[in-house]
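Data block below; observations after.
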Amino acid sequence: MSNHRVKFTEGDMKKFQAFFNTKEFAEALAIVWGCGSHLINAFTVRNINRSIVERFHYLVDQNSHVYCREQSDGKGGLYSQYICSLHYKHPFVLKIKDMGWTPIRHQNRVYPEGDFDHEIFISTYVKNHHNIGTSYCRSRGYTRARLRINGSLDIITNINNFLANKLNIGVKNIQTHHNKERTKYIQYTSKTEIPIILTYIKAYDSIEKFRAFKLGFKKMSR
């Protein structure tokens, strides 16, 4: 990453200081809090969703172009990962470290500290780290929708409380992924609460998927 700029002018610094007070900064903050990683001489944003990485590239000035790299899936196959890089001394990188960012492999990542738009941060984080599907209860013959939001314990705790207060929905029990001890999630199954959350975070693809679900009791053939 030696081609990245290390020195920033006074004008650059003023521009970044102004950026740190914007909604766009809170959005970029949410992206790196879930997808950021630190290398020896660079900071990278990595994700299989190209649109997330391209959005970060658009929001934060003076970064690398977005490029694709094939990664092993650990099962003999490959998958595409999109990457955008910053120099490790980039003002944005220094700022997020002051706010408590740490590599996720070292410890559980805490919720950011400092002044920023919490609503934008949380809505962006949830949009990038949710999945929508269904679960089927065989004994009852009943299919229900299931919305999960994933993250570290501190982040999920803050999201859980924020959504309950903001959207007037129930506080959920925080659960642990069966194969990832550090990864927590909250789950929503209410047909009323799920569309409220998806609409709030503007997850339009997930809304369409939810609407296409065939929920309820399975009709028994005569």
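- Of the possible polar contacts, one joining the R109 side chain to the T102 backbone as a donor-acceptor pair under 3.5 Å is found.
- Atom CD1 of residue I52 and atom CG of residue N128 lie 3.5 Å apart, to the nearest 0.5 angstrom.
- In this structure, the side chains of R50 and V53 stay at 4.5 Å or more apart for every pair of heavy atoms.
- Comment: R55 does not engage E24 in a salt bridge, judged by the lack of any side-chain N to carboxylate O separation of less than 4.0 angstrom.
- In the model, N49 has a side-chain atom that pairs as donor or acceptor with a side-chain atom of S51 under 3.5 Å.
- Residues I169 and I197 meet the side-chain proximity criterion, which asks for heavy atoms closer than 4.5 Å.
- Defined by atom type and a distance below 3.5 Å, a donor-acceptor pair is missing between the side-chain atoms of N150 and H129.
- Taking the centre of each ring, F121 and F162 stay at or above the 6.0 Å mark.
- Around the CD1 atom of I48, the shell of radius 6.0 Å holds no more than 12 heavy atoms that belong to other residues, nucleotides or ligands.
- Side-chain N/O atoms of Q81 and R69 include no donor and acceptor closer than 3.5 Å.
- Under the 4.0 Å criterion applied to side-chain N and carboxylate O atoms, E119 and K23 are not assigned as salt-bridge partners.
- The aromatic ring centroids of W101 and F43 lie less than 6.0 Å from each other.
- At least one donor-acceptor pair closer than 3.5 Å links the side chain of N63 to the backbone N or O of V60.
- Under a 4.0 Å N-O distance rule, the pair D61/K15 qualifies as a salt bridge.
- Proximity of a side-chain donor or acceptor of N161 to a complementary backbone N or O of T157 within less than 3.5 Å is detected.
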Could you walk me through whether H90 and V93 satisfy the side-chain contact (heavy atoms from CB on, under 4.5 Å) test, starting with their C-alpha distance in whole Å, then the side-chain angles of each, then the deciding distance to 0.1 Å, before giving a yes or no?
CA-CA 5 Å; H90 191 288; V93 177; 4.0 Å; yes
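- Side-chain contact check for D117 versus T22: every heavy-atom pair is 4.5 Å or farther apart.
- Atom SG of C35 and atom CG of N47 lie 4.0 Å apart (nearest 0.5 Å).
- Of the possible polar contacts, none joining the N108 side chain to the S152 backbone as a donor-acceptor pair under 3.5 Å is found.
- Residues S37 and T44 have side chains that bring a donor and an acceptor to within less than 3.5 angstrom of each other.
- Dense packing is recorded around OH of Y142, with more than 12 heavy atoms of other residues, nucleotides or ligands lying under 6.0 Å away.
- Between the side chains of T9 and D12, a donor-acceptor pair is found at a separation under 3.5 Å.
- Taking the six-membered ring where the residue is Trp, Y111 and F116 present tilted rings, their angle falling between 30° and 60°.
- When the side chains of ILVMFWY residues are joined at heavy-atom separations under 4.5 Å, either directly or via intervening members, M99 and I155 end up in a single hydrophobic cluster.
- Contact check for T143 versus F213: no side-chain heavy atoms found under the 4.5 Å cut-off.
- Interatomic distance, NZ of K89 versus CG of L94, reported as 9.0 Å (0.5 Å rounding).
- Here the side chains of Q187 and Q175 are in contact, with some heavy-atom distance below 4.5 Å.
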Worked verdict on K127 versus Y125 for side-chain contact (heavy atoms from CB on, under 4.5 Å):
CA-CA 5 Å; K127 185 176 183 179; Y125 190 96; over 6 Å; no
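- Shown here for F19 and A28, the closest heavy-atom pair between the two residues is CZ-CB, 4.5 Å.
- Here the straight-line distance linking atom CG of L153 with atom OG1 of T176 works out to 8.0 Å at 0.5 Å rounding.
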Before you tell me yes or no, could you show the steps for I149 and Y188 under side-chain contact (heavy atoms from CB on, under 4.5 Å), namely the whole-Å CA-CA distance, both residues' side-chain angles and the distance that decides it to 0.1 Å?
CA-CA 9 Å; I149 303 169; Y188 300 85; 3.8 Å; yes
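- Residues I120 and F56 do not share a hydrophobic cluster, defined by chaining ILVMFWY side chains whose heavy atoms lie under 4.5 Å apart.
- No hydrogens or angles considered: a donor-acceptor pair under 3.5 Å links the side chains of K97 and H38.
- In this structure, L198 is a member of the same hydrophobic cluster as Y204, with clusters built from ILVMFWY side-chain heavy atoms closer than 4.5 Å.
- The closest side-chain donor-acceptor pair between T189 and R146, if any, does not fall under 3.5 angstrom.
- The shortest side-chain heavy-atom distance between C68 and E70 falls under the 4.5 Å cut-off.
- The hydrophobic clustering, which links ILVMFWY residues whose side-chain heavy atoms are closer than 4.5 Å, places F92 and M13 together.
- Y82 has its side chain out of reach of E54: every pair of non-hydrogen atoms, C-beta onward, lies at least 4.5 Å apart.
- L86 is not connected to Y88 by any chain of hydrophobic side-chain contacts under 4.5 Å among Ile, Leu, Val, Met, Phe, Trp and Tyr, and they are in different clusters.
- Nearest approach of A145 to I194, heavy atoms of both residues: CB-CD1, 3.7 Å.
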side-chain contact (heavy atoms from CB on, under 4.5 Å) between F210 and D205, worked out:
CA-CA 9 Å; F210 171 77; D205 290 344; over 6 Å; no
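- Within the 4.5 Å cutoff, no side-chain heavy atoms of V45 are placed close to those of H57.
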